[in-house]
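A quick write-up on the structure given underneath.
In this text, all values refer to a predicted model and were calculated from it rather than measured experimentally. Just so it is clear: chains get the letters A, B, ... in the order the sequence lines come, proteins before strands, and each one is counted from 1.
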2 protein chains.
Amino acid sequence: MATGRNHRPATRSRGIPEATVARLPLYLRALTALSERSVPTVSSEELAAAAGVNSAKLRKDFSYLGSYGTRGVGYDVEYLVYQISRELGLTQDWPVVIVGIGNLGAALANYGGFASRGFRVASLIDADPAMTGKPVAGIEVRHSDELERIVDDNGVSIGVIATPAGAAQQVCDRLVAAGVTSILNFAPTVLSVPEGVDVRKVDLSIELQILAFHEQRKAGELEGVDAEPPGADTGTPVAPPAVSVTRRDPGRADGKSGDTEAGPDGDFPAVMPA
Amino acid sequence: MATGRNHRPATRSRGIPEATVARLPLYLRALTALSERSVPTVSSEELAAAAGVNSAKLRKDFSYLGSYGTRGVGYDVEYLVYQISRELGLTQDWPVVIVGIGNLGAALANYGGFASRGFRVASLIDADPAMTGKPVAGIEVRHSDELERIVDDNGVSIGVIATPAGAAQQVCDRLVAAGVTSILNFAPTVLSVPEGVDVRKVDLSIELQILAFHEQRKAGELEGVDAEPPGADTGTPVAPPAVSVTRRDPGRADGKSGDTEAGPDGDFPAVMPA
DNA sequence: ATGCCTTTGTGAAAGCGTGCACAAAGATGG
DNA sequence: CCATCTTTGTGCACGCTTTCACAAAGGCAT
């Protein structure tokens, strides 16, 4: 679930629970779709279905924002779009820098819609001198030497880290020192930041592994394959057969097993490094 | 937070809480790093610090797996790596298909390390005939007409959707019909799937919006800027000024505001469409 | 105007997750 | 063999989240 640091009461921020905040973007998306179809009002039931949540939960979520509905009718779509946008801080412009223009960084930069919801790519930054000056998504990549100046000049408070894991903490430190107070981290590392800085993490590796867990569970439920009785205490902790076993993929017998960071695997550091 | 569907008791799967499962990959990563440095054992305190969690939580998490530690010493790194890998189902090979080879799909495919943790890219699939046959990351892109056959031939049970939002549900339906039972969705849509199919969602848009919320809150705490007293009931729901206001960016006055899907914004559908 | 019907907003309760604090377990040194 | 010290495993309490269920509110038809 890509959670950030949680060294705070979880429900800071004037009453609105963290869980609710995390769902507001979901509602906003559903509402925007309705708005584009010129739907004037929507009931909690309908909107909840569109957002994929329980209607009672949705009503309670909205109740934290205020009483924006009309009993017997529902919610005014446009009004709610505005209220949620305002609550999320999307009615203002957020300049964002992306650090690490590898495959992922480039993909992010290429997404033109970045600008369409209050976020604006102020700059792309990469440490590789070969990248400097190269245009990506119409923006010239700038060298990381300029990081501090870029952040300062543009008043950037949100930074996206798409570097290899090894560089992430250092980049993070520099961003924070330069004034960034919110970081979206794609690198597979636990970033340590000072109090007051928010970090959120997106990690495909983790998502896939969670899916694999459930998938295995599903497979094991049907037939007791490989399932090894849970309570079965193996007694003395015996050393495992090897780091990885039971691969049924015959090929790929090259030596590149241990994927150390900055390894040979392209420059897609944010994903699948486990 | 990229949560999947939650129409289940949350703590299904033989006792192991969902929250614990979500942290296992984190522990695994930290342990793998220790293993590479040939560290033989680690205490819950050290490992917790490396994984960025509370040590009590970590111990409780491990207690669901069994008693794999030694009091007074800690945990055997290799043994724990093996146990967690096994629990997550990473000791077997998971063939994965990626559907939608736009910027993001290509970025995912290019990540060589995909294979390094039990996941193997079985095939890349795209609906655009112009893409068919083109090699991406050394794998030929195949046309979506072949989707069913590919899934069937390779015994694929995990699918990654990186298509535009408009195509996601359709792709999802076809994947499920073909036998896929776990889906990682990068498209900004709520997918509806039959019972027994797991969906997890990764959504940069949502993460950024959550950051913006906290950022705004931080800014508002210092000075009462724009903060509008929370309890202030505006009385009758007045229509909002406009969909977006208060942008302080002077430029970008083009007409592309509403980003409908399949819009002009490149092919990075999975991110920032809100 | 009145009554009915729909839908919101919200107490209250149940369910989870987290973190404290400590007893039990095992290693280690004498 | 015993004492001490470290570290695990877990009972317990607390707080956040979710869900239920229903009264209050408002529209609408007659």
* OP1 or OP2 of dT7(C) under 4.0 Å from side-chain N/O of Ser43(A) -> no
* Asked: Can you check whether Asn54(B) has a side-chain N or O nearer than 4.0 Å to OP1 or OP2 of dC20(C)?
  -> yes
* **Nucleotide dT19(D), atom C1' - distance to CG of Leu58(A) in whole Å** => 14 Å
Polar atom pairs between nucleotides 24-30 of chain D and protein, under 3.5 Å, N or O only, would you list them?
from, atom 1, to, atom 2, distance (Å)
dA24(D), N3, Arg71(A), NH1, 2.7
dA25(D), O4', Arg71(A), NE, 3.4

* State plainly whether the residues Arg217(B) and Asp198(A) are in salt-bridge range, i.e. N to O under 4.0 Å. => no
* Interatomic distance, Asp76(B) CG vs dT8(D) C1' [rounded to whole Å] -> 15 Å
* For dG9(C), does OP1 or OP2 lie under 4.0 Å from any side-chain N or O of Tyr75(A)? -> yes
* In whole angstroms, how far is the C1' atom of dC5(C) from the CD atom of Glu45(A)? -> 16 Å
* Rounded to whole angstrom units, what separation is found between the CG atom of Asp61(B) and the C1' atom of dG19(C)? -> 12 Å
* To do: Return the value, rounded to whole Å, for the distance between atom CD of Glu18(A) and atom P of dT18(D).
  => 12 Å
* If only atom types and distance count, is the side chain of Ser35(B) paired as donor or acceptor with the main-chain N or O of Leu31(B) below 3.5 Å? -> no
* To do: Would you please test Glu87(B) and Val21(B) for side-chain contact (heavy atoms from CB on, under 4.5 Å) and show each step?
  => CA-CA 9 Å; Glu87(B) 195 66 48; Val21(B) 173; over 6 Å; no
* Listed by chain and number, what are the side-chain hydrogen bond (donor to acceptor under 3.5 Å, both in side chains) partners of Thr20(A), not counting sequence neighbours? -> Asp61(A)
* To do: Taking only the side-chain nitrogens and oxygens of Ser44(B), find out if one of them lies under 4.0 Å from OP1 or OP2 of dT8(D).
  => yes
* Structure fact -> Residues passing the side-chain hydrogen bond (donor to acceptor under 3.5 Å, both in side chains) test with Gln170(A), sequence neighbours excluded, are none
* Ile16(A) CD1 to dC16(D) P, straight-line distance once rounded to whole Å -> 15 Å
* To do: Would you indicate, yes or no, if dT18(D) has its OP1 or OP2 atom less than 4.0 angstrom from a side-chain nitrogen or oxygen of Arg23(A)?
  => yes
Identify each atom pair where a protein N or O and an N or O of nucleotides 2-5 of chain D are less than 3.5 Å apart, giving names and distance.
none

* Separation of Glu46(A) atom CD from dT6(C) atom C1', in whole Å? -> 12 Å
* Decide whether Ser205(A) and Gln209(A) meet the rule of one side-chain donor and one side-chain acceptor closer than 3.5 Å. => yes
* Do Lys60(B) and dG19(C) have a side chain to base donor-acceptor pair shorter than 3.5 Å? -> yes
* Looking at residues at least two apart in the chain, or sitting in another chain, which of them share a ring pair (Phe, Tyr, Trp, His ring centres under 6.0 Å) with Phe62(B)? -> Tyr27(B), Tyr75(B)
* Structure fact -> One should read off an interatomic distance between Leu47(A) CG and Ser55(A) OG, to the nearest 0.5 angstrom, of 10.0 Å
* Answer whether the closest heavy-atom distance between the side chains of Val190(A) and Val53(B) falls below 4.5 Å. => no
* Asked: Who pairs with Ser157(A) by side-chain hydrogen bond (donor to acceptor under 3.5 Å, both in side chains), at least two apart in sequence or on another chain?
  -> none
* Mind calculating the distance between OH (Tyr64(B)) and C1' (dG11(D)) to the nearest angstrom? => 12 Å
* Asked: Of the nucleotides dC22(C), dG19(C), dT18(D), which has the atom closest to the Ala56(B) side chain?
  -> dG19(C)
* Quick one: is dT19(D) close enough that its OP1 or OP2 comes under 4.0 Å of any side-chain N or O from Lys57(A)? -> yes
